[in-house]
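Since this is a predicted model, take the numbers as computed values, not measurements.
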Amino acid sequence: MFRREGASVDQAIAKADTLIEAMGWIRQFRGKTTVIKLGGSLLDDTEALRHILLDVIFMETVGMRPVIVHGGGKAINRALAAEGIEPVFIKGRRVTDPATLQIVRKVLAGETNTMITQEVERMGGRAMNLSFDTTCVLRGKKLQLEGEADLGAVGYVTDVDRHVIESLSYTNQVPVIPSMCEGPDGNPLNVNADTAAMAVAQALGAEKLIFLSDVNGVRMDKDDPDTTIRSLTSDEAKELIASGVIEAGMIPKVEACLETLDRGVGKVHIVDGKLRHSLLLEIYTTSGIGTEIVKQRMPIQ
């Protein structure tokens, strides 16, 4: 009556093998900072967000220092619609007039930022929201696109308060940062979430910057998820852009990755955030599940 089923033992052994595979990566990345860019489409998916935040808690538990930088475009659009305000975009940037800015700050730096932090805490982790209502860690300047109309209160990050972020990480808390910065006059500016995450990763000298997307990485055939390229160097990525393999909306994302590598971040990843436990699979398994982009490959010893 005390005999265990063989299948159960085999499953337990498989789980142990997975832990052993992860051990080397856990040791390698212990004490290293990883910046995770969390976008609006994933924030709308309750189940995907839950698994992402569980992964973040696991990362912190085994000694990594995760930092979350988030957007919230879909929630902002809903709030604007409720107020009868039509969103306007120029070259992918949200035109942010005073009425829009008020809603962006309320939704992005208030409700969404607090929600993510509370979810981490609810699931057993520790987190701190860093916004205008607590401590603002991003400072910047107004962005003006050459030859384009005024974007309003839209900016770019020029300075990151490393001390606050690192102090939280050292005390085993996950910093949660909205993609807004404080301008020279002390007023808030709306910032593109990808570029905000890049600025944070660069300032912290992060080991990794992970863009959680709704695709599973860079593909040889954009319509075939089975053609995902697991690893690219900067030069290889540039060749794929020039040849047209990387096209459309993936081009600015990959170019942002290349710029980040040029500024000292170790590796950049593009990962499908809707895949269950995608962060853990990308970081703690040998094969990964997204696309890893590096400056250059280390020679085999």
Side-chain angles (χ1 to χ4, degrees), residues 35-46 49 52-53 56 66-83 85 87-89 92-122 125-143 151-169 173-201 203-204 211-212:
V35 176
I36 300 153
K37 184 265 177 172
L38 185 54
S41 61
L42 295 173
L43 292 168
D44 269 6
D45 188 327
T46 304
L49 179 61
I52 289 167
L53 297 182
V56 170
V67 177
I68 295 174
V69 178
H70 68 86
K74 290 193 174 183
I76 291 169
N77 286 342
R78 287 194 296 270
L80 289 171
E83 295 295 326
I85 300 173
V88 178
F89 293 87
R93 309 274 183 172
R94 184 187 299 276
V95 176
T96 309
D97 59 20
T100 300
L101 178 62
Q102 185 176 357
I103 290 174
V104 169
R105 175 170 178 169
K106 174 177 176 286
V107 173
L108 182 61
E111 296 167 0
T112 303
N113 190 242
T114 301
M115 179 273 291
I116 294 171
T117 306
Q118 290 177 344
E119 278 296 292
V120 172
E121 297 269 350
R122 186 183 66 80
R126 299 180 64 209
M128 174 61 72
N129 54 314
L130 298 174
S131 69
F132 303 106
D133 298 325
T134 54
T135 302
C136 182
V137 294
L138 304 184
R139 290 172 181 81
K141 295 181 179 179
K142 181 177 166 60
L143 177 67
L151 293 170
V154 174
Y156 62 96
V157 177
T158 59
D159 182 64
V160 176
D161 192 334
R162 290 182 53 187
H163 176 72
V164 171
I165 299 171
E166 290 175 341
S167 294
L168 289 171
S169 294
Q173 297 185 74
V174 178
V176 182
I177 306 169
S179 55
M180 297 190 75
C181 68
E182 183 180 272
D185 56 2
N187 291 322
L189 295 169
N190 191 14
V191 180
N192 174 272
D194 284 354
T195 59
M198 287 168 53
V200 172
L204 298 177
F211 290 102
L212 291 177

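At a threshold of 4.5 Å between non-hydrogen side-chain atoms, the residues L49 and M115 count as touching. A heavy-atom distance below 4.5 Å is not found between the side chains of D161 and L130. Counting heavy atoms from C-beta outward, P98 and L101 have side chains that stay 4.5 Å or more apart.
In this structure, K141 contributes its side chain and Y156 its backbone to no donor-acceptor pair below 3.5 Å. Between the side chain of R162 and the backbone N or O of A203, at least one donor-acceptor pair lies under 3.5 Å.
In this view, D97 and T100 satisfy the side-chain hydrogen bond (donor to acceptor under 3.5 Å, both in side chains) rule, not counting sequence neighbours. N192 is linked by a side-chain contact (heavy atoms from CB on, under 4.5 Å) to R93, D194, T195, counting only residues two or more places apart in sequence or in another chain. By the salt bridge (Lys or Arg N to Asp or Glu O under 4.0 Å) test, R126 is found to be paired with no residue, residues two or more places apart in sequence or in another chain being considered. Not counting sequence neighbours, the partners of V120 by the side-chain contact (heavy atoms from CB on, under 4.5 Å) test are L53, I57, A127.
Of the options T114, T112, N113, a side chain to side chain contact (heavy atoms under 4.5 Å, CB included) to I116 is made by T112 and by none of the others.
Residue G71 comes nearest to S179 through the heavy atom pair CA-OG, 3.8 Å, listed as atom of the first residue, atom of the second, then distance. Nearest approach of A196 to L138, heavy atoms of both residues: CB-CD1, 4.5 Å.
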Distance-only donor-acceptor hits, side chain of residues 102-111, under 3.5 Å, sequence neighbours excluded:
unit_1 : atom_1 : unit_2 : atom_2 : d
K106   : NZ     : E111   : OE2    : 2.7

Side-chain donor-acceptor distances from residues 181-190 under 3.5 Å, at least two apart:
unit_1 : atom_1 : unit_2 : atom_2 : d
D185   : OD1    : N187   : N      : 3.0
D185   : OD2    : N187   : ND2    : 3.1
N190   : ND2    : T96    : OG1    : 3.4

